Amino acid sequence: MKRGAWGDGAVVVASLESDDGFRCIDIVRMADGLYLFDEWRRDPEDPAGWQLVFANTDKRYRDEAAAKAAAIAATAWLDG
């Protein structure tokens, strides 16, 4: 999956980046109004850009805050 390939009507509403800039969580509002999050990484020596680490496509959340809380709970480097 490429970053931003969630389908028509999906919008990234927040992008939470690690302090070093090599990891990112995207909070995405899907076309049905529910939210999900995915984790991405990039390596400075790799010109391919962002690579998917964790796709949370099976779980949807009722709002952005719930998706962010779930991302924080699931991601060791993210601290709210």
Side-chain angles (χ1 to χ4, degrees):
M1 174 190 287
K2 292 190 177 191
R3 201 161 178 216
W6 297 279
D8 291 340
V11 176
V12 174
V13 296
S15 192
L16 313 169
E17 200 166 297
S18 63
D19 290 338
D20 63 10
F22 297 132
R23 292 200 174 259
C24 178
I25 294 286
D26 283 339
I27 308 290
V28 183
R29 185 181 67 234
M30 302 302 288
D32 62 5
L34 296 175
Y35 294 76
L36 59 79
F37 72 88
D38 289 335
E39 182 178 1
W40 302 85
R41 71 168 176 78
R42 65 178 166 186
D43 300 313
E45 67 278 1
D46 183 358
W50 290 101
Q51 302 295 317
L52 184 64
V53 172
F54 175 73
N56 191 37
T57 55
D58 294 338
K59 180 72 176 162
R60 303 286 172 100
Y61 304 91
R62 70 186 179 293
D63 56 33
E64 181 181 345
K68 184 177 179 183
I72 291 168
T75 309
W77 59 264
L78 187 61
D79 65 1

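Below, each value reflects all heavy atoms present in this structure, side chains not excepted, and no hydrogens, waters or symmetry copies. Remember, predicted model here, so these are calculated numbers, not experimental data.
Checking Glu17 against Trp40 by side-chain atom types alone, no donor-acceptor pair falls below 3.5 Å.
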Discussion item. For a side-chain contact (heavy atoms from CB on, under 4.5 Å) check, start with the C-alpha distance between Leu16 and Lys68, then their side-chain angles and the critical distance, and finish with the verdict.
Written reply: CA-CA 9 Å; Leu16 313 169; Lys68 184 177 179 183; 4.1 Å; yes
Item to complete: Kindly determine whether Trp77 and Glu39 satisfy side-chain contact (heavy atoms from CB on, under 4.5 Å), including the steps that lead there.
Response: CA-CA 11 Å; Trp77 59 264; Glu39 182 178 1; 2.8 Å; yes
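Arg42 places a side-chain N or O within donor-acceptor distance of the main-chain N or O of Gly21, the cut-off being under 3.5 Å. Between the side chain of Asp32 and the backbone N or O of Leu34 there is at least one donor-acceptor pair closer than 3.5 Å.
With rounding to the nearest 0.5 Å, the separation of NZ in Lys59 from CZ in Phe37 is 10.0 Å.
The hydrophobic cluster containing Ile25 does not contain Phe22, counting ILVMFWY residues as joined when their side-chain heavy atoms lie under 4.5 angstrom apart, directly or transitively.
Here Asp46 pairs with nothing under the salt bridge (charged side-chain N to carboxylate O under 4.0 Å, His left out) rule; sequence neighbours left out. Scanning for side chain to side chain contact (heavy atoms under 4.5 Å, CB included) contacts around Arg29 gives Val11, Val13, Tyr35, with sequence neighbours left out.
In terms of heavy-atom proximity, Ala55 sits nearest to Asp38 at CA-OD1, 3.3 Å. For the residue pair Asp26 and Ser15, the shortest heavy atom distance occurs at OD1-OG, 2.9 Å. Taking both residues in full, the closest heavy atoms of Pro47 and Glu45 are given as CD-O, 3.5 Å, listed atom of the first, atom of the second, then distance. Of all non-hydrogen atoms in Asp20 and Ser18, the two that sit nearest each other are OD1-OG, 2.6 Å.
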